[in-house]
Each structure stands twice: as structure tokens, then as C-alpha cells.
Amino acid sequence: MTVVTRFAPSPTGYLHIGGARTALFNYLYSKHTGGTFLLRIEDTDRARSTQPAIDAIIDGLKWLGLNWDGDIVFQFARAPRHREAAEQLLAEGKAYRCYCTPEELTAMREEQKKNGWPMRYDGRWRERKPSESEAKLPFVVRLKAPIAGETVLDDLVQGQVTVANSQLDDMVLLRSDGTPTYMLSVVVDDHDMKITHVIRGDDHLTNAFRQHQLFRALGYTPPVYGHIPLIHGPDGAKLSKRHGALGVEAYRDLGLLPEAMRNYLLRLGWGHGDDEIISDAQAIEWFDVKDVGRGAARFDMVKLTNLNGHYIREADDARLVGLIKPLIEKRANLPVDDAAHARLTRGMAGLKQRAKTLIELADSAAFYARGRPLALDDKAKAILAEGGKAVLAQIATALDAQSSWTAADLEAWAKAFGEAKGLKLGQVAQPIRVALSGSTVSPPIFDVMDVLGRAETLARIRDAVGA
RNA sequence: GCUCCCAUCGUCUAGAGGCCUAGGACGCGGCCCUCUCAAGGCUGAAACACGGGUUCGAAUCCCGUUGGGAGCGCCA
């Protein structure tokens with residue numbers, strides 16, 4: 001049997017972190033088993049579904065590199081098929097019409113709550129035939145679910161879970177306007193799309209029991225379920241906007257790399273021995289839904305950021321330059337011309353070692369793109385004021401005679417210069433750093449001199465001396 | 001309230017009865033390296049929620065308690 005998984009978000013908002021992980025797990029499991037991974041947009045709630053949300057989900061999945069197989073299935077487009085399934089059930093006596101008004105149901109629930117009873121539809125129309133006047137009223141179609149016995153699910157993550165059928169009420173299949181509900185649509189679509197494994201959030205566990213009953217009523221074979229725990233915020237409560245349940249695009253804008261996101265999300269609720277850095281190939285090889293933990297995990301931005309630093313260090317220089325170029329232009333309001341682009345490329349090896357996000361990377365790289373004279377930050381100014389300027393003046397003169405301009409030779413020169421003047425290397429290097437970068441923090445300064453080149457280096461040093 | 005689920009360092013996790021003096025990672029402290037900042041190396045503090053069983057032996061199995069979570073819509 002070929003595995004078919006699906007990610008089935010409802011387009012009522014962005015692709016949040018929990019959804020992204022669900023998509024990742026479905027994707028990995030399909031790849032692991034050599035199966036297929038489908039995307040279905042559950043847009044049956046016409047009032048809340050929006051095109052921007054659909055776009056955000058698609059963009060988010062693409063950014064994460066979770067490419068689905070085949071065409072996207074839009075659930076609402078299949079409503080006639082769903083309705084047909086409900087009609088079939090009605091004809092077979094496995095479903096029935098319920099003429100309750102919303103007010104009536106609300107009253108029923110309030111009564112149940114007041115008395116401490118379970119809150120469930122009580123099946124009042126299950127066996128009842130409407131009178132002539134009642135038959136003209138709007139109705140919904142409900143499943144005639146089994147009352148006795150129990151429904152057992154062998155969940156890949158949660159294990160065997162049993163619920164008494166008395167706990168499950170008769171769910172609505174068709175609304176009073178004739179449109180199919182989520183419950184009906186999911187079951188019919190999962191069947192028609194030949195989904196074999198449903199991997200989704202824990203919050204759907206109780207739905208799985210109802211859906212299982214519907215599968216049976218329709219004569220379909222239910223898929224295998226795997227309900228993964230939800231992601232919680234730092235305080236242990238369900239992740240909300242307050243915590244960081246942002247759309248994945250927000251994480252992209254924070255300067256995170258998709259591979260860092262994938263690695264982090266994978267390790268949330270799943271582990272493979274002591275492995276922390278896991279490549280995509282290893283993830284596909286190792287991942288199995290049954291190894292996902294049962295407890296909810298808390299989202300930790302700090303760890304995500306640490307992982308991101310690792311992936312930035314590993315990333316290709318040209319790719320990083322491409323990613324930070326627009327950030328430099330926007331954040332520092334600097335045009336990045338060809339000369340700057342070349343410097344960024346040459347300097348990237350030193351730059352990427354010390355950044356945890358692309359934002360940090362862009363900010364730390366901006367000095368390569370800046371024109372003269374460089375603006376200095378406060379700490380940099382202090383260095384110059386505390387004797388740095390005098391040292392720099394001597395450096396400028398001495399450096400004029402320096403012919404070889406490699407990082408190694410420049411360092412040797414600086415050491416010799418320092419010894420001759422009775423200065424420690426730091427006392428030579430720091431003023432240069434300030435002059436060249438405008439700050440007290442930068443990549444190794446002799447590398448920077450190399451990247452900047454002789455003319456620009458000397459010019460920036462003279463600027464600082466004259467400032 | 002009812003139903004279901006969960007429980008190892010602050011956090012993510014390893015651990016499927018003896019390999020556990022409980023391992024790794026992030027974070028935190030110290031040291032080293034060092035032209036700054038990082039990165040890296042070494043190192044320290046830090047956990048089996050509690051109570052009963054079962055067993056020669058329990059983080060691992062069972063029961064209870066406590067704590068947390070999810071669901072209970074003509075939303076998905």
C-alpha cells in the first residue's frame with residue numbers, strides 16, 4: 001500500500017507554527033515511505049475563508065520547502081459530491097433530519113451545563129417524524145451514530161484510544177442551507193483522495209472518533225490516524241498570538257532560514273538519539289510518526305535562533321548576500337551597488353560566523369556598503385577620543401608604506417608596528433576596526449582590510465583621523 | 001461539568017526493568033582560545049511531580065493523587 005498523506009488547513013488565517021509542523025510531519029512521513037503528500041484547502045466556511053489566507057498558506061509551505069504532490073484540492077468545490085454522500089446516508093436511513101432551531105439547541109446546552117450533564121445533542125429528532133407544519137421548517141441532516149458500544153482508534157501517536165459511543169452525539173452533516181459541514185467533507189475527501197494516513201493536531205482526536213463512525217456509515221475504510229500534540233507557548237498554555245503563534249512569514253521576516261525552521265520544528269516532539277542538527281535527507285530517513293512524543297512541547301524562540309545561527313554559518317555565501325541585500329537597502333537605507341555586492345561576497349565568510357539571524361547579518365554587514373565618511377557609534381567615538389586617533393594617525397602613515405595587502409601580511413605588519421610602538425595588538429587593531437567599520441565589533445579586522453582594499457582602507461582611516 | 005490525552009534538568013529531548021552515579025542540546029556560570037564580537041574547546045550548576053504497589057531490581061509496568069492540555073458548534 002502506498003502511503004498518501006495530506007495537509008488540510010482551513011484558510012482562515014496565516015500558516016501558523018503548529019500548522020507548519022503538521023505539514024512538515026506529513027511531508028516527511030510521505031517521503032520516508034516513498035508515498036505522496038497532498039494539499040487540501042478546507043474552505044467550506046465561506047464566511048471566514050479568504051484568498052489572502054490561501055496565499056499565505058501556499059507561500060508559507062513554499063518558503064519552508066514543503067512541496068506537495070499534484071494539484072491543490074479546494075474542498076468547497078467538491079460540495080456537490082459531499083451533499084451526495086449525505087443524501088445517500090439519508091436514503092439508507094443512516095442519517096436523519098433534525099428540525100431543531102439554533103435557539104433550541106442553545107437552550108438544551110445551557111440546561112445540560114446547569115445540571116452538570118455532558119453537553120451533547122440529545123437525539124430528539126432521531127426517531128421522530130415531523131408534523132406537517134414542522135416539515136416546512138428548515139432542517140439539518142445528522143448522522144444516526146451508534147448509541148451502544150464503543151469506538152476504538154489505534155492512533156499512531158496516542159496508541160489505542162477508546163471512547164464510549166454514548167459520548168459521541170449525532171453530528172451535523174448538512175447545514176440548514178444545505179451546505180456540507182467540515183466533518184462530512186473531510187471524510188468524503190479523505191476517502192476520494194485515497195488518504196492512507198491522517199497526521200494532524202491533537203485537537204482533532206475527538207473528531208477522529210466521529211469521522212471514524214462516518215467512514216463506517218458510508219462504507220469506506222478509515223485511514224490510519226496520528227494525532228500529534230499541540231505546540232504550547234512558554235507558559236504551557238496553547239500557543240496563541242500573544243506567544244508567537246505568528247505566521248511563518250513572520251519568522252522569515254525575523255531573519256530565519258527555512259532549513260533552521262524545519263530542523264527546529266522536527267525536534268519539537270520528536271528526537272533521534274542525541275542528534276540535534278539533522279539534514280533534510282536524515283530527517284526523511286529517520287522520521288516516523290510513531291516516534292512522535294505524546295506530550296505537548298513548548299515553543300522556544302531562543303533555541304530556534306541558535307539553530308538559525310548554525311544554518312547561517314553553513315549557508316552558501318552567495319545565497320546569504322542575496323538574502324541580506326534587500327535588508328541592507330531597507331534597514332540602512334543604502335543602495336547596494338556592484339562594488340558593495342562584491343565586498344559583501346568577499347566578506348561573507350567572516351560575517352556569517354557571527355550572526356544568528358539575517359537581520360543581524362545585514363546590520364553587521366552594512367559597513368561594507370556604506371560610503372565615506374563613515375558614521376561612528378558612541379563606543380567607536382570613545383575609542384578615538386581615548387587616544388585611538390593618535391594611534392590611527394601613526395598607523396595611516398606607516399600603512400602607506402605597506403605594499404602587500406593580504407590579511408596575513410597585514411596582521412604581521414600590525415604586530416611589528418605594535419612592537420615598535422610598544423602597543424599591544426588590540427591597541428592597534430581596535431582603532432582600525434573603529435575607522436573601518438564605524439563600530440567596536442566586526443569580523444577579524446585584517447580580513448576586513450583585505451576585503452575593503454588598500455585605497456578604501458586608507459581613506460577610511462584618514463577620515464577617522466581627521467574627524 | 002463531562003470525555004479523552006499527557007507528565008525526565010528552566011526549555012527541547014535520550015531512556016522501551018538491571019548498561020542510569022539519568023545522556024545530549026538550548027539557555028545560564030567558569031576556564032581556554034583571541035585584534036573586537038562571535039564561533040569553537042573544556043568545565044560547573046540543573047530533572048525522573050507525589051504516594052502506593054508488582055519485582056531480586058523501576059525513570060521505565062500497574063493503581064491512585066496532584067498538576068497540565070485538548071475536545072464537548074448548523075467553525076474547521
Side-chain angles (χ1 to χ4, degrees), chain A residues 8-12 42-45 47-49 75 98 100-102 105-106 109 112-121 138-142 155 157-159 161-164 166-169 171-177 179 181-183 185-186 201-207 209 227 229-230 232 234 236-238 264 267-277 293-300 302-307 309-310 313 350-356 360 364 379 383 411 414-415 418 424-434 437 439-446:
Chain A
S10 59
T12 53
E42 309 214 315
D43 54 353
T44 53
D45 186 339
R48 295 199 299 149
S49 297
Q75 193 162 58
C98 166
C100 288
T101 61
L105 292 173
T106 304
R109 288 190 193 102
Q112 289 167 337
K113 191 169 189 174
K114 198 179 74 187
N115 291 307
W117 297 335
M119 293 198 284
R120 286 188 289 272
Y121 174 67
F139 61 86
V140 299
V141 173
R142 288 180 184 272
D155 193 278
V157 177
Q158 306 294 339
V161 189
T162 306
V163 161
S166 60
Q167 299 299 325
L168 274 12
D169 60 7
M171 71 190 113
V172 173
L173 267 22
L174 250 32
R175 302 188 186 97
S176 53
D177 64 0
T179 58
T181 60
Y182 158 80
M183 286 290 178
S185 304
V186 165
D202 217 347
D203 50 339
H204 282 289
L205 187 60
T206 44
N207 287 337
F209 289 97
H227 287 91
L230 267 19
H232 287 177
K238 186 177 177 179
Y264 177 72
R267 284 285 292 100
L268 214 51
W270 179 87
H272 184 269
D274 287 343
D275 296 302
E276 295 289 343
I277 304 295
R294 274 158 294 249
R298 299 186 192 201
F299 183 74
D300 182 359
V302 176
K303 187 157 183 172
L304 206 205
T305 306
N306 170 274
L307 215 39
H310 169 84
R313 271 172 257 134
L351 253 14
K352 69 181 182 183
Q353 183 99 1
R354 23 188 68 73
K356 283 190 164 64
E360 282 181 23
S364 71
K379 282 181 184 170
I383 296 279
E411 180 165 1
K415 278 179 177 157
K424 282 188 260 182
L425 188 55
Q427 293 173 292
V428 179
Q430 205 59 352
I432 300 177
R433 186 186 320 284
V434 163
S437 73
S439 115
T440 53
V441 176
S442 85
I445 200 60
F446 306 110

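Basis for what follows: all heavy atoms, side chains included, without hydrogens, waters or symmetry-related copies. To find a chain, count down the sequence lines: A is the first, B the second, and so on, and within it residues start at 1.
A search for salt bridge (Lys or Arg N to Asp or Glu O under 4.0 Å) contacts involving A/Asp202 returns nothing, not counting sequence neighbours. Residues passing the salt bridge (Lys or Arg N to Asp or Glu O under 4.0 Å) test with A/Asp45, sequence neighbours excluded: A/Arg48. With sequence neighbours excluded, no residue forms a side chain to side chain donor-acceptor pair (under 3.5 Å) with A/Lys113. A/Phe209 pairs by the ring pair (Phe, Tyr, Trp, His ring centres under 6.0 Å) definition with nothing, not counting sequence neighbours. Applying the side chain to side chain donor-acceptor pair (under 3.5 Å) rule to A/Arg433 yields the partners A/Gln430, A/Ser442; only residues at least two apart in sequence or on another chain are considered. Listed by chain and number, the residues in a salt bridge (Lys or Arg N to Asp or Glu O under 4.0 Å) with A/Glu360 amount to none (sequence neighbours excluded). Shown here are the side chain to side chain donor-acceptor pair (under 3.5 Å) partners of A/Ser176, two or more places apart in sequence or in another chain: there are none.
To the nearest whole angstrom, the two P atoms, one in B/rG10 and one in B/rA45, are 15 Å apart. Between the C1' atoms of B/rC56 and B/rG17, the separation comes to 12 Å (whole Å). For B/rG27 and B/rU65, the P atoms lie 41 Å apart once the distance is rounded to whole Å. The same atom, P, is picked in B/rU11 and in B/rA47; the two are 12 Å apart, to the nearest Å. With P as the reference atom, B/rC26 and B/rC6 are 30 Å apart, rounded to whole Å. Annotation: B/rC4 and B/rU8 have their C1' atoms spaced 24 Å apart (nearest Å). The gap from the C1' atom of B/rU13 to that of B/rC9 amounts to 11 Å, rounded to the nearest Å. Only the C1' atoms considered, B/rC32 is 14 Å distant from B/rA39, to the nearest whole Å.
Judged by Watson-Crick or G-U wobble contacts below 3.5 Å, the nucleotide B/rG10 has B/rC26 as its partner. Base pairing analysis places B/rC56 opposite B/rG18; the two distances defining the Watson-Crick or G-U wobble pair are each below 3.5 Å. Remark: B/rG64 base-pairs with B/rC50; criterion is Watson-Crick or G-U wobble with both hydrogen-bond distances under 3.5 Å. In a base pair of the Watson-Crick type (N1 to N3 plus N6-O4 or O6-N4) or a G-U wobble (N1-O2 and O6-N3), with each distance short of 3.5 Å, B/rA45 is matched with no nucleotide. The nucleotide B/rC37 finds no pairing partner, because no Watson-Crick or G-U wobble arrangement with both distances shorter than 3.5 Å includes it. When Watson-Crick and G-U wobble pairs are counted only if both distances are under 3.5 Å, B/rG1 pairs with B/rC72.
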In the 5'-to-3' direction, what one-character label does each nucleotide of nucleotides 67-74 of chain B receive under the scheme B = base within less than 4.0 Å of a protein heavy atom, S = sugar-phosphate only, - = no such atom? --SSSSSB
Scoring nucleotides 25-41 of chain B by protein non-hydrogen atoms under 4.0 Å (B base, S sugar-phosphate only, - none) yields BSS-------BBBBSS-
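Atom CE of A/Met183 is separated from atom P of B/rA76 by 9 Å (rounded to the nearest Å).
Note on A/Thr44: only backbone sugar-phosphate atoms sit closer than 4.0 angstrom, heavy atoms only; bases stay farther off. Contact annotation for A/Gly269: backbone-only contact, meaning every heavy-atom pair under 4.0 Å involves sugar-phosphate atoms and none involves a base. In this structure, A/Thr162 reaches the sugar-phosphate backbone alone: every heavy-atom distance under 4.0 Å involves primed, P, OP1 or OP2 atoms, never a base.
Contact check for A/Asn306 versus A/Val302: no side-chain heavy atoms found under the 4.5 Å cut-off.
Nearest heavy atom pair, residue A/Arg142 against residue A/Leu173, reads C-CD2, 4.1 Å.
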Assess whether side-chain contact (heavy atoms from CB on, under 4.5 Å) is satisfied between A/Thr440 and A/Val434, documenting all intermediate values. CA-CA 6 Å; A/Thr440 53; A/Val434 163; 4.3 Å; yes
